[in-house]
J.: 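Starting off with a structure, shown below.
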Amino acid sequence: MTDFGFALGTTLPDGRGRTGVIRTPHGEIRTPAFVAVGTKATVKAVLPESVADLGAQAVLANAYHLYLQPGSDIVDAAGGLGAFMNWPGPTFTDSGGFQVMSLGAGFKKVLAMNTVGLADDDVIAEGRTRMAHVDDDGVTFTNHLNGDRLRFTPEVSMRIQHELGADVMFAFDELTTLMNTRGYQEQSVQRTHAWAVRCLAAHAELTRSRSDKPYQALFGVVQGAQYEDLRRRAARDLAGLEVDGRSFDGFGIGGALEKENLGTIVGWVTDELPGDRPRHLLGISEPDDFFAAIAAGADTFDCVMPSRVARNAALYTRNGRFNVNTAAHRRAFEPIENGCDCYTCTHYTRAYLHHLFKAKEMLASTLSTIHNERFTVRLVDDIRASIEAGDFEAFRTEFLGRFYASRR
Ligand SMILES: [Zn+2]
């Protein structure tokens, strides 16, 4: 018996998009849901109490960063990620694969691992040498903090994620990009599958040896880039996988996704996945992407963008995105968004935020992040409510029409 489960709620008429509830040892997540990103065990600039107040149901941290600093053994000794960062609710960790392969390699324009046929400057940031190498067993990379050579394998990622103690973990997968050749993508999907088998085996062993800890769910990650046959096969193979009596508790949809085909690609994958397990789409936060991915059957999402752009004064409203540090807002004694229920909008004006950014005050990041995270969490919550109410398509047309009106 595990403390993890997923209950289906309302389904869209075409049978893909749905609502549901993910049950974890640290509470429930009503889906679709946006998960706030706390890469280094903190949602940058914001207290955990504020993260809860703005409606976030879960927080996602990064295994690579926490392994390097402070060390996953420290987080383990503190009682796990949630206890360490004073977040009582559900937590996620990603596998570290993306950071090992992207930060480690010093990527510039593209995140290609197969560099044949590409000029070095397409792949490697100027002045940096290639720092990550993938082989069938794992990845060797350079610690970006001190230059040490380190190695991640599926077993290492599982051990780190068990020590971090999040409710949801992801299998270690290989990162590819749209720049990779079809041949390389095929090879990579096979490698990711072989790593998934090893992750499940290591997970089974760690779950047994750490049976005094709350159950941690493991999601397999579906790769395959823009190729329908690869995506479908990868999803089918992961869905049917059972190792040592364990199968994946849910699934991540990762890797290269062309924005214009996002819904199509997510749809191929969810067609092949069992309906009774949750699906997490890694790394999206644009409103049109949420609607497309949710219609195609994705349940949870995470992305650094809402908080990252907030720290650069870019704020989301129902009428689109704007920069509060431009002169137009110097005397704008109105909230970021009229009617927004966030702490920032109910207490402060655009003019005050404009001043904080100009004066380079730390509070600028805090107040901006609270608003953008609230905007993003609320949008996904509203989409969930629209599915329950049976007016998803009407809400989609109305919201996107208004949000993107200025682009037309
Ligand atoms: Zn607000």
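Counting starts at 1 for both ligands and their atoms, following the listed order. Everything numeric here is computed off the predicted structure, so don't read it as measured data.
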J.: For residues 249-273, which residue pairs qualify under ring pair (Phe, Tyr, Trp, His ring centres under 6.0 Å), counting only residues two or more places apart or in two chains?
T.: none

J.: Listed by chain and number, what are the salt bridge (charged side-chain N to carboxylate O under 4.0 Å, His left out) partners of Arg233, not counting sequence neighbours?
T.: none

J.: Can you classify the ring geometry of Phe399 versus Phe291 as parallel (below 30°), tilted (30 to 60°) or perpendicular (above 60°)?
T.: tilted

J.: Which of parallel (below 30°), tilted (30 to 60°) and perpendicular (above 60°) describes Tyr352 and Tyr348?
T.: parallel

J.: Mind listing the protein N/O/S atoms less than 2.8 Å away from the Zn ion (ligand 1)? Waters don't count.
T.: Cys340 SG, Cys342 SG, Cys345 SG, His371 ND1

J.: Side chains of Arg231 and Glu228: closer than 4.5 Å at any heavy-atom pair?
T.: no

J.: Looking at residues at least two apart in the chain, or sitting in another chain, which of them share a ring-ring contact (aromatic ring centres under 6.0 Å, His included) with Phe92?
T.: His280

